[in-house]
Amino acid sequence: MSIDALDDGLARLAHEDGVLVRVEATEGSAPREAGTWMLVWARGLTATIGGGQLEYQAVDEARALLQAPAGEPLRKRYPLGPSLGQCCGGVVHLSMRRVGAADAADLRRQLTEHLAPVAIFGGGHVGLALARLLATLPYAVRWIDSRDGVFPDALPAQVQTEHSEPVQDAVATLPPGTHVLIMSFSHAEDLDIVIACLRRLRERDDLPYVGLIGSKTKWATFRHRLEARGFGEAEMARITCPVGVPGVTGKEPEVIAVAVAAQLLQRRTAAG
């Protein structure tokens, strides 16, 4: 789900009603997972539930709902093989409800609450590229820096900016399960954030990924400093440095962002 699509859909909702079509559950093989959604308009769509014939039929039924008097939401079971001729062979359960401008705030909350939390420490060029890329993926981004005035004004809804001084204090307030990416303007700040993450892992063990941008040389220096502060091998092994999937060697911010986002997606898939 692209949060850009949600922003576009909510903006359109201010001027016309639509029908929210959402995948509530699936059985067996299905085009998209539960939580996937689209907004159907009298003309056009925002986002997609995938599936070819499934989406085609759902759009027809949603537009019929849009033409009818306001009523109860519709829930329907779609066997993909028998009724739609799709080779997926599974079953998709869809819900459909008419929505208007008054539903916008609740809709934003519903469609973003399932996003996985990511914290980016550092408002530089790589942080910006990564925040923009993650805005097209199923992540809720908390973007943190110790400096004022470093964040752009226009950001997607799931990217929340935060000023924290000292910056490492924000680690204690991250939601459990947050994936942390450390890329501040200062190696000293980076080290402070890493230490705060390791201390939280000691206490709560609820940060599944802590990535530090930098070279192997930078990490070797950090290891010596962390050892001097009493952190052991097993603890330091929880830090990923360098970050990003192997084999992507470009140093442009956008290239680094792609490599890091791919690594997050790999870990999300591995975690099930």
Side-chain angles (χ1 to χ4, degrees), residues 1 3 6-7 35 105-106 108-214 219 222 225-226 229-232 234-241 243 257 260-261 263-265 267-268 271:
M1 185 275 291
I3 204 73
L6 178 57
D7 286 340
D106 185 57
R108 183 182 293 278
R109 179 190 60 78
Q110 288 183 30
L111 298 181
T112 57
E113 64 187 2
H114 70 288
L115 300 175
V118 173
I120 302 172
F121 284 87
H125 296 295
V126 177
L128 175 60
L130 190 54
R132 284 176 171 167
L133 178 56
L134 292 179
T136 67
L137 299 170
Y139 294 104
V141 180
R142 189 169 167 182
W143 193 14
I144 305 159
D145 202 287
S146 62
R147 300 165 294 172
D148 287 316
V150 298
F151 300 115
D153 293 330
L155 287 169
Q158 91 220 55
V159 180
Q160 302 297 318
T161 60
E162 178 180 334
H163 174 261
S164 179
E165 176 58 47
V167 69
Q168 67 271 16
D169 282 1
V171 171
T173 64
L174 298 177
T178 296
H179 289 62
V180 180
L181 294 160
I182 303 167
M183 50 190 68
S184 81
F185 72 98
S186 159
H187 282 201
E189 277 201 353
D190 283 353
L191 182 62
D192 287 339
I193 300 163
V194 169
I195 290 170
C197 289
L198 288 174
R199 287 175 176 162
R200 175 157 171 169
L201 287 169
R202 273 184 181 176
E203 296 168 2
R204 290 186 262 175
D205 194 19
D206 62 353
L207 302 176
Y209 173 89
V210 180
L212 170 67
I213 196 169
W219 179 234
F222 272 42
R225 294 175 180 174
L226 293 170
R229 287 165 172 79
F231 294 103
E235 290 178 303
M236 290 186 289
R238 301 290 298 273
I239 308 299
T240 299
C241 184
V243 292
V260 173
Q263 189 170 61
L264 291 180
L265 289 169
R267 288 174 176 263
R268 181 185 177 98

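- Legend: residues meeting salt bridge (Lys or Arg N to Asp or Glu O under 4.0 Å) with Asp169, ordered by chain and number and at least two apart, are absent.
- With rounding to the nearest 0.5 Å, the separation of OG1 in Thr112 from OH in Tyr139 is 16.0 Å.
- Atom CG in Leu226 sits 6.0 Å away from atom CE in Met236 (nearest 0.5 Å).
- Atom OG of Ser186 sits about 9.5 Å away from atom CG of Leu191, to the nearest 0.5 Å.
- Here the closest non-hydrogen pair linking Val159 and Trp143 is CG1-CE3, 4.1 Å.
- Note that the SG atom of Cys197 and the CD1 atom of Ile239 stand 6.0 Å from one another [nearest 0.5 Å].
- Partner Met183 forms a side-chain contact (heavy atoms from CB on, under 4.5 Å) with one of Ile193, Leu212, Asp190, Leu130 and no other, that one being Leu130.
- More than 12 heavy atoms of other residues, nucleotides or ligands sit less than 6.0 Å from atom CZ of Arg202.
- Residues Ile144 and Phe151 share a closest heavy-atom pair of C-CZ, 3.9 Å.
- For Arg109, the side-chain contact (heavy atoms from CB on, under 4.5 Å) partners two or more places apart in sequence, or in a different chain, are Asp106, Glu113.
- Taking all atoms of both residues into account, the shortest heavy-atom contact from Leu115 to Ala140 is CB-N, 3.6 Å.
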- Decide side-chain contact (heavy atoms from CB on, under 4.5 Å) for Leu181 and Phe121; before the verdict, give the C-alpha distance in whole Å, the side-chain angles of both, and the deciding distance to 0.1 Å. CA-CA 6 Å; Leu181 294 160; Phe121 284 87; over 6 Å; no
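- Scanning all heavy atoms of the two residues, the minimum distance from Phe231 to Leu198 falls at CE2-CB, 3.5 Å.
- Taken from OG1 in Thr240 to CZ in Arg238, the straight-line distance is 9.5 Å, to the nearest 0.5 Å.
- In this structure, Ile120 and Leu134 have side chains that are in contact, with non-hydrogen atoms separated by less than 4.5 Å.
- Atom CD of Glu189 is separated from atom OG of Ser146 by 3.5 Å, given to the nearest 0.5 angstrom.
- Residues that satisfy the salt bridge (Lys or Arg N to Asp or Glu O under 4.0 Å) test with Arg147, not counting sequence neighbours, are Asp145.
- Here the closest non-hydrogen pair linking Arg225 and Arg229 is O-NH1, 3.1 Å.
- Judged purely by atom type and a 3.5 angstrom limit, Arg200 uses its side chain to pair as donor or acceptor with the backbone of Leu174.
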- Can you check side-chain contact (heavy atoms from CB on, under 4.5 Å) on His163 and Asp148, steps first, answer last? CA-CA 7 Å; His163 174 261; Asp148 287 316; 3.3 Å; yes
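- When each of Val180, Thr178, Thr173 is checked for a side-chain contact (heavy atoms from CB on, under 4.5 Å) with Arg142, only Thr173 meets the rule.
- Closest non-hydrogen pair, Ser164 versus Ala170, comes out as OG-N, 3.6 Å.
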- Verdict with supporting geometry, Leu137 and Leu265, side-chain contact (heavy atoms from CB on, under 4.5 Å): CA-CA 9 Å; Leu137 299 170; Leu265 289 169; 4.2 Å; yes
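- Residue Tyr209 is tested with Gln263, His179, Arg267, Arg268 for a side-chain hydrogen bond (donor to acceptor under 3.5 Å, both in side chains); the sole match is Gln263.
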